[in-house]
K.L.:
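Can you keep this structure in mind? I'll have questions shortly.
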Amino acid sequence: MKKASLMLFTALFLWLPGHSLASSEEGKEWILYFSSILEANNFKQSYPIHVSGQHDDMLKGTFTDGEVERFLQDNEVKFAEPNHIKEASAETVADPLQSQQWALQKIGFQSISEQFSTLPANRLIDKSITASGKTYSYNNQPLYSRDFSIKLNNEKIRRLSVELSQAEGRWTVHISDENNNIIGRNSTNLEKIDILLPKGKTYGTVKIKITSEQEWSQTPYIKQLTGVNSAIVAVIDSGIIKHEDFCGNILYSLGKDYIQGMPFPEDRFGHGTHVTGIIAACHNNGIGISGVAGQAPVDVIPLKVLDHYGNGGDFELSKAISDAADLQVDVINLSLAGKGKTLMLQQTVTEALLKGIPVVAAAGNWNISTENVYPASYPGVITVAGINTANQKVATSNYGWEVDISAPGYDILSTYTSPVYKTLSGTSMAAPYVSGSLALYTLKHPNLDFVEARQILSQSAKDVNKKGYDTVSGDGLLQLTANPIFSHRVDWLTLREGQPINTEKPFMLGFSNKLIGKKYILFKDETLLQKGSVYSMIENISLKNSIFTKRKNPLTVIVANNSNEVIDSSSVHVTNPAAEWQNTTFKDVAEGFWAYTDIKAASEAGIINGYTDQTFKPSANISRRHSLMMIDRLFHYPMAKSVEMAFKDVSLSTPGILSILKGYENDIIRGSNGYLYPEKELTRGQMALILARALGAENKQTAGIHSYKDVSPNMEIYHSVQFLAENNIVAKQEFYRPHEPITRAQFAAMLTRTLYYLK
């Protein structure tokens, strides 16, 4: 025994290097040159653990810069240089077919792939597992227990998956909290089961129990436990297959077949598999393509409502939407369309929206109006049109006021049944790009609701057809952004800028669930139309008995809290094609009238509107209220920060109240002793003051460009009048007449000149 120990000790001793190198400096590979092979061999024997290669009288080894410098100083080494690394010049592509995915580049996929540059972490790693009275740390080792607990330490986990070594029948996983309340359950015949935990909640410890309907011939063990804080997309389509390019983010065990009730929602049409791949095909796995989600933690639940011909009824579709909403998914994708409206489907879609879930639908592929295409035209649905590589409408893509946004829908390569990958075109392909993008945004804003989702898409979209909204591309082409923002939490669900309005039909306003309990105030042409409390995310608004002109009519909604602070606001301009009046010309302003050109220019610029009897009343004196309304239209002031009344003689029902609030907040109008006197005639001197204040020139020193006999330097209005005269906004006449009322024609002319000055 002693002899053996001695031999072992001797062997260890002989293995140790003759020279010890110790340094905190990080080493790198060097090429060392010697005068002879013998010197190289001697050095190698002295530093065996540092030298990794030899070629004649040259050695390769790992040393620090300081060590190499010492070798050279002591003449142990003749010459030394770094072992510079080269790399293959051939371009490597993680997903070989990604170069054919033109759509990803078109919508800015790079920003997301950089943001989620690694695969989602398994949040159960290093968590404490307790089974049969023993506690240990989980690190992907097999588990041989059907009843155990995991200490989550209040970490957010949305999806928990359990994979068995084999499954011989139906088995169930029950997940409960520390108080034995069931928080998740699922059953399957597959080897892997996925359970969704309640959205937005965290747990200190969860208990897991596995049961089976019958005894198995061989007791399985748990191969893998996975916990991910993912966003969930329900793809309601023709089902799914187990494709080579799908990862663990396809939740097969949560899938459902609403056509035949089969245990697995097998895709016999290919469409659902194609749509799913656009969202969630594995990124950087060396196979096929990449989904728009990249490596972000985005899961897909496949729900089959279309048969092997691609057809399905509203009944099955409604059941699937309802189940997806009950699962608290983050996005519902509907790459399907058809004519025919059912109350069941509309109610189910609305119920999903009221739970905050964005519902994304294809616009359809018949090159017709979306007006009677469903589910695309149900209020609140995000309707997606298709564009091609040239940013033009896909020839078959439907169009209309229901279109919200456009996305790539032409020659889209994705996963398929047979062949394994296939190129398809249509709005069915465009919709999942939007759904996948919204899932990514949900990761940044976990409580994102459908109103906020619509706002993000609208504000980040890129114009590809006409500037602003149009019925072909909606708000524009979908653009992925690493930092999604939304400036509004209120949305005109059934009205678009410039849209013709039907006053016999109510329209719908959408409110983010963050606004529930606040008050809203609706105005038409700055006249109070309706006010109330936000009880629901969707409010019906009636416009009966409201008069609209052919030209743009502004509708404005304000949301305020109990302190009258404005939380949000939004405006839209609608038209009425049935109206007789165009409101760009007036029957009492003839072409030969002295201010005809100025009035016409102010009208076309939207500064003046006139009266509903098609007159402008140019010789009438203008009221203080009307002057503020015109100035607001010229300067486009942001919404006032408060609806608290600044004057004792105005209220929400005062016509022009929004302009009054803005004018007061921007110090354009100050009133007198707490009163505004909104209907009082405006004098020419008062006009000079408020217009100069609007231009930031009330007290601006001037050289006295013109001498008016009735405006002296000691008057309050002096500098204002001189500034306006200097910039040709008022005429340089003998008298200014500051105390005379100003007429509507004179005021319109001055505003038109101000418009030219601003330009």
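Counting begins at 1 with the first residue of the sequence.
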K.L.:
If we ignore hydrogens and angles and just use 3.5 Å, is the side chain of Thr481 paired with the main-chain N or O of Asn483 as donor and acceptor?
P.N.:
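A pair under 3.5 Å: yes.
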
K.L.:
Check step by step if salt bridge (Lys or Arg N to Asp or Glu O under 4.0 Å) holds for Lys641 and Glu565.
P.N.:
CA-CA 6 Å; Lys641 296 176 182 177; Glu565 295 171 321; over 6 Å; no

K.L.:
What pair of heavy atoms forms the shortest contact from Met537 to Leu353, and how long is it?
P.N.:
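Shortest heavy-atom separation between Met537 and Leu353 comes out as SD-O, 3.8 Å.
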
K.L.:
In Å and rounded to the nearest 0.5 Å, what is the CD1 to CG distance from Ile538 to Asp491?
P.N.:
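Answer for the CD1-CG pair, Ile538 versus Asp491, is 10.5 Å.
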
K.L.:
Please name the pair of heavy atoms, one in Tyr258 and one in Glu316, separated by the smallest distance, quoted to 0.1 Å.
P.N.:
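In this case the closest contact between Tyr258 and Glu316 is O-CG, 3.4 Å.
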
K.L.:
If we ignore hydrogens and angles and just use 3.5 Å, is the side chain of Ser406 paired with the main-chain N or O of Gly476 as donor and acceptor?
P.N.:
yes

K.L.:
In terms of side-chain heavy atoms, does Asp568 have a donor or acceptor partner in Ser570 at a distance below 3.5 Å?
P.N.:
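No, Ser570 and Asp568 have no side-chain donor paired with an acceptor closer than 3.5 Å.
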
K.L.:
Is the closest side-chain heavy-atom distance between Lys355 and Asp326 below 4.5 Å?
P.N.:
yes

K.L.:
Once you round to the nearest 0.5 Å, how far does NZ of Lys505 lie from NZ of Lys544?
P.N.:
13.0 Å

K.L.:
Any side-chain donor-acceptor pair under 3.5 Å between Asp613 and Thr615?
P.N.:
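Per modelled atom types, Asp613 and Thr615 side chains form a pair under 3.5 Å.
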
K.L.:
If only atom types and distance count, is the side chain of Asp475 paired as donor or acceptor with the main-chain N or O of Ser458 below 3.5 Å?
P.N.:
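No: the side chain of Asp475 does not pair with the backbone of Ser458.
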
K.L.:
Can you find a side-chain donor-acceptor pair between Ser659 and Asp632 that sits under 3.5 Å?
P.N.:
yes

K.L.:
Whether the side chain of Asn561 engages the backbone of Ser563 through a donor-acceptor N/O pair (distance < 3.5 Å, no angle test) should be reported.
P.N.:
yes

K.L.:
Measure the spacing between CG of Leu306 and CG of Leu317 and express it to the nearest 0.5 Å.
P.N.:
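So the CG of Leu306 and the CG of Leu317 are separated by 8.0 Å.
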
K.L.:
Write down the atom of Thr575, the atom of Gly498, and the distance for their closest heavy-atom approach.
P.N.:
OG1-O, 3.6 Å

K.L.:
Using the test side-chain hydrogen bond (donor to acceptor under 3.5 Å, both in side chains), find all partners of His626 that sit at least two apart in sequence or belong to another chain.
P.N.:
Ser623

K.L.:
Once you round to the nearest 0.5 Å, how far does CZ of Arg158 lie from OG1 of Thr442?
P.N.:
10.5 Å

K.L.:
Checking Thr342 against Asp314: is there a side-chain donor and acceptor pair closer than 3.5 Å?
P.N.:
yes

K.L.:
Ala453 and Pro358: which non-hydrogen atoms are nearest, and at how many Å?
P.N.:
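Of all heavy-atom pairs spanning Ala453 and Pro358, the closest is CB-CG, 3.8 Å.
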
K.L.:
Could you list the donor-acceptor pairs under 3.5 angstrom formed by side chains in residues 296-304, with sequence neighbours left out?
P.N.:
unit_1	atom_1	unit_2	atom_2	d
Asp299	OD1	Arg159	NH2	3.1
Asp299	OD2	Arg159	NE	2.9
Asp299	OD2	Arg159	NH2	3.4
Asp299	OD2	Ser230	OG	2.6
Lys304	NZ	Glu266	O	2.7

K.L.:
Using a 4.5 Å cut-off on heavy atoms from C-beta on, say whether the side chain of Ile622 contacts that of Met630.
P.N.:
yes

K.L.:
What distance do Phe548 atom CZ and Leu543 atom CG have between them, rounded to the nearest 0.5 Å?
P.N.:
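That separation rounds to 4.5 Å.
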
K.L.:
Is the terminal nitrogen or CZ of Lys393 (NZ for Lys, CZ for Arg) located under 6.0 angstrom from the six-membered ring centre of Tyr399 and within 45° of that ring's axis?
P.N.:
no

K.L.:
Would you mind reporting whether Lys156 and Lys199 have side-chain heavy atoms less than 4.5 Å apart?
P.N.:
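Heavy-atom side-chain distance check fails, nothing below 4.5 Å.
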
K.L.:
Heavy-atom distance under 4.5 Å between the side chains of Pro554 and Ser571, does that happen here?
P.N.:
no

K.L.:
Could you walk me through whether Val534 and Val490 pass the side-chain contact (heavy atoms from CB on, under 4.5 Å) test, one step at a time?
P.N.:
CA-CA 11 Å; Val534 181; Val490 60; over 6 Å; no

K.L.:
Measure across Gly510 and Leu493 and return the closest heavy-atom pair with its distance rounded to 0.1 Å.
P.N.:
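Heavy-atom minimum between the residues: N-CG, 3.5 Å.
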
K.L.:
At what distance, to the nearest 0.5 angstrom, does NE2 of His573 lie from CD1 of Ile501?
P.N.:
12.5 Å

K.L.:
Sub-3.5 Å donor-acceptor pair from the side chain of Asn181 to the main-chain atoms of Asp177, do we have one?
P.N.:
no

K.L.:
Apply the side chain to side chain donor-acceptor pair (under 3.5 Å) test between Tyr520 and each candidate in Lys531, Gln530, Glu539; give the one that qualifies.
P.N.:
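For Tyr520, the side chain to side chain donor-acceptor pair (under 3.5 Å) check succeeds only for Gln530.
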
K.L.:
Decide yes or no for Val359 and Phe450: does some side-chain heavy atom of the first lie under 4.5 Å from some side-chain heavy atom of the second?
P.N.:
no

K.L.:
Classify the ring geometry of Phe586 against Phe616: parallel below 30°, tilted from 30° to 60°, perpendicular beyond 60°.
P.N.:
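Rings of Phe586 and Phe616: tilted, as their planes differ by 30° to 60°.
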
K.L.:
Which heavy-atom pair separates Ser642 from Leu661 by the least distance, and what is that distance?
P.N.:
O-CD1, 4.0 Å

K.L.:
Determine whether Asp463 and Lys466 satisfy the following criterion, salt bridge (Lys or Arg N to Asp or Glu O under 4.0 Å), listing intermediate values before the conclusion.
P.N.:
CA-CA 7 Å; Asp463 276 323; Lys466 297 178 181 176; over 6 Å; no

K.L.:
Can Trp401 and Tyr469 be said to form a side-chain contact (heavy atoms from CB on, under 4.5 Å), step by step?
P.N.:
CA-CA 9 Å; Trp401 293 105; Tyr469 178 85; 3.6 Å; yes

K.L.:
Is there a side-chain contact between Ile321 and Ile236, using heavy atoms and a 4.5 Å cut-off?
P.N.:
yes

K.L.:
Angle between ring planes, Tyr637 versus Phe635, binned at 30° and 60°: parallel, tilted or perpendicular?
P.N.:
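It falls in the parallel class, under 30°.
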
K.L.:
Is Ile485 atom CD1 crowded by more than 12 heavy atoms from other residues, nucleotides or ligands, each under 6.0 Å away?
P.N.:
no

K.L.:
Should Val451 and Phe511 be marked as a side-chain contact (heavy atoms from CB on, under 4.5 Å) after you check the CA-CA gap, both sets of side-chain angles, and the distance that decides it?
P.N.:
CA-CA 6 Å; Val451 174; Phe511 296 95; 5.7 Å; no

K.L.:
Please say which of Val574, Val403, Asp404 ends up in a side chain to side chain contact (heavy atoms under 4.5 Å, CB included) with Arg496.
P.N.:
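Checked Val574, Val403, Asp404 against Arg496; only one passes side chain to side chain contact (heavy atoms under 4.5 Å, CB included): Asp404.
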
K.L.:
Check whether any side-chain heavy atom of Lys444 sits under 4.5 Å from a side-chain heavy atom of Gln115, and report yes or no.
P.N.:
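A side-chain contact under 4.5 Å exists here.
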
K.L.:
Are the side chains of Ser536 and Leu354 in contact, using a 4.5 Å heavy-atom criterion?
P.N.:
yes

K.L.:
Run through Leu197, Thr202, Val228, Leu196 and flag the one making a side chain to side chain contact (heavy atoms under 4.5 Å, CB included) with Ile157.
P.N.:
Leu197

K.L.:
Determine whether Trp492 and Leu555 satisfy the following criterion, side-chain contact (heavy atoms from CB on, under 4.5 Å), listing intermediate values before the conclusion.
P.N.:
CA-CA 10 Å; Trp492 303 90; Leu555 289 168; 3.8 Å; yes

K.L.:
Among Ile521, Leu509, Ile541, find the one that has a side chain to side chain contact (heavy atoms under 4.5 Å, CB included) with Val557.
P.N.:
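Exactly one option meets the side chain to side chain contact (heavy atoms under 4.5 Å, CB included) with Val557, and it is Leu509.
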
